[in-house]
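Here is the structure we will look at, set down as structure tokens.
Note: hydrogens, waters and symmetry copies are ignored here, and every other heavy atom, side chains too, is used. We count residues from 1, following the sequence as given.
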Amino acid sequence: MTKRIGITGGIGSGKTTACRLFEVLGIPVYYADDRAKWLMQNDEQLIQKLKSTFGDQVYNQDGQLDRAYLAGIVFNDRAKLDQLNGIVHPAVREDGIAWDKEHTETPYTLREAALLYESGIYQLLDHIITVTAPEELRIERVMARDGVDAAAVKARIDKQWPEEKKVAMADFVIHNDGQQSLIQQVYQIHQQLIQENV
Ligand code: ATP
């Protein structure tokens, strides 16, 4: 049976980079965060729920999701953020279940999400991989990638679970610290996962 593996880690830890390597090994990856964005733009039912909860202005006149407007509503309002997650997470979960049904001819699949633990989705998966890197390095990498300042990255880090907690709960840990080979670590985990008894 195809095992379902989650892969997570804080912002800038290198989840996506690690997933690209798993893809090179032929493993299908479900990018939950990207998929959530896509669904918010394309899933009619989800769009209606978002409009009725946060107002029609969540979408502009061209029907494009106004991310800045939505972010403004939820950024400093825990209750509103919980409401948003309560709408989006179940839609992504359903979509992920449909995706799983299309990927059964592989020893395992990967589900990449920043908030795999925070959303509770980890409970539905067979094993979890946490990608971790020192905070300074994560900040540097995200600043370079997104062209934002350190404070903006730190503000996002502070909203996620502490890295140590995600490491402690993981079945496999990838140390993406620029010292240990990322490729080797991915390959070793892949070897373990393709063994029947893991
Ligand atoms: P987010 O949570 O924001 O989606 P992420 O965990 O998916 O982040 P990546 O996008 O994979 O992180 O990595 C962040 C940035 O760091 C990217 O620009 C990536 O190319 C770079 N990066 C990741 N790992 C390494 C590495 N080992 N060496 C050099 N650069 C790296």
| message | Let's go through Asp77 and Ile73 carefully: what are the C-alpha distance in whole Å and the side-chain angles of both, what is the deciding distance for side-chain contact (heavy atoms from CB on, under 4.5 Å) to 0.1 Å, and is it a yes or a no? | response | CA-CA 7 Å; Asp77 188 333; Ile73 295 176; 5.9 Å; no

| field | Residue pair Ile139, Ile157: steps toward the side-chain contact (heavy atoms from CB on, under 4.5 Å) verdict | value | CA-CA 9 Å; Ile139 293 173; Ile157 287 177; 3.9 Å; yes

| Criterion side-chain contact (heavy atoms from CB on, under 4.5 Å) on Ile27 and Glu23, from CA distance to verdict | CA-CA 5 Å; Ile27 298 304; Glu23 282 186 301; over 6 Å; no

| request: Give the intermediate values and the outcome of side-chain contact (heavy atoms from CB on, under 4.5 Å) for residues Asp171 and Ile128. | output: CA-CA 5 Å; Asp171 301 293; Ile128 306 293; 4.1 Å; yes

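Within the 4.5 Å cutoff, no side-chain heavy atoms of Ile129 are placed close to those of Lys15. Side-chain contact check for Ile121 versus Arg93: some heavy-atom pair is nearer than 4.5 Å. In this structure, the side chains of Tyr117 and Met169 come closer than 4.5 Å at one or more pairs of heavy atoms. Using a 4.5 Å cut-off on side-chain heavy atoms (C-beta onward), Thr130 and Ile174 make no contact.
For Glu118 and Lys166, the salt-bridge test passes: some basic side-chain N is under 4.0 Å from an acidic carboxylate O. The pair Asp82-Arg78 meets the salt-bridge criterion, with a side-chain N (NZ, NE, NH1 or NH2) lying under 4.0 Å from an Asp/Glu carboxylate O.
The minimum heavy-atom distance between Asp177 and Pro134, with the atom names listed, is CB-CD, 3.8 Å. Between Ala114 and Asp33, the closest heavy-atom pair is N-OD2, 3.1 Å.
Note on Val131: it does not cluster hydrophobically with Tyr122, by side-chain heavy-atom contacts below 4.5 Å among ILVMFWY residues. Residues Val92 and Leu65 fall within the same hydrophobic cluster, defined by Ile, Leu, Val, Met, Phe, Trp and Tyr side chains chained together at heavy-atom separations under 4.5 Å.
Applying the ring pair (Phe, Tyr, Trp, His ring centres under 6.0 Å) definition to pairs two or more places apart or across chains, those involving residues 16-75 are Tyr30-Trp99. Under the salt bridge (charged side-chain N to carboxylate O under 4.0 Å, His left out) criterion, the residue pairs touching residues 134-148 are Glu135-Lys154, Arg138-Glu163, Asp146-Arg156, with sequence neighbours excluded.
Put simply, the side chain of Thr106 never gets that close to the backbone of Thr109: no donor and acceptor are under 3.5 Å apart. Looking at Thr132, its side chain never comes within 3.5 Å of a backbone N or O of His175 through a donor-acceptor pair. Asn176 places a side-chain N or O within donor-acceptor distance of the main-chain N or O of Ser13, the cut-off being under 3.5 Å. A donor-acceptor distance shorter than 3.5 angstrom exists from the side chain of Asn60 to the backbone of Asp62, with no hydrogens or angles considered. Of the possible polar contacts, one joining the Gln41 side chain to the Gly63 backbone as a donor-acceptor pair under 3.5 Å is found. Put simply, the side chain of Gln160 never gets that close to the backbone of Leu115: no donor and acceptor are under 3.5 Å apart.
Open room surrounds CD1 on Ile183; 12 or fewer heavy atoms of other groups in view lie less than 6.0 Å from it. Atom CD of Glu105 sits in a sparse spot, with 12 or fewer heavy atoms from other residues, nucleotides or ligands closer than 6.0 Å.
Atom CG in Leu125 sits 8.0 Å away from atom CD1 in Ile5 (nearest 0.5 Å). Here CG of Leu50 is found 11.5 Å from CD of Gln45. Values are rounded to the nearest 0.5 Å. The CG atom of Leu124 sits 8.5 Å away from the OG atom of Ser119 when rounded to the nearest 0.5 Å. To the nearest 0.5 Å, atom CG of residue Leu25 and atom CG of residue Leu110 are 10.0 Å apart. To the nearest 0.5 Å, the span separating CD1 on Ile87 from OG1 on Thr53 amounts to 3.5 Å. Annotation: the span from Arg20 atom CZ to Glu112 atom CD amounts to 8.0 Å, rounded to 0.5 Å.
A perpendicular orientation is assigned to the rings of His127 and Phe172, their planes being inclined by more than 60° (bins at 30° and 60°).
Considering Asp100, Asp95, Asp126, Asp34 as possible partners of Arg111, the one that fulfils the salt bridge (charged side-chain N to carboxylate O under 4.0 Å, His left out) test is Asp100.
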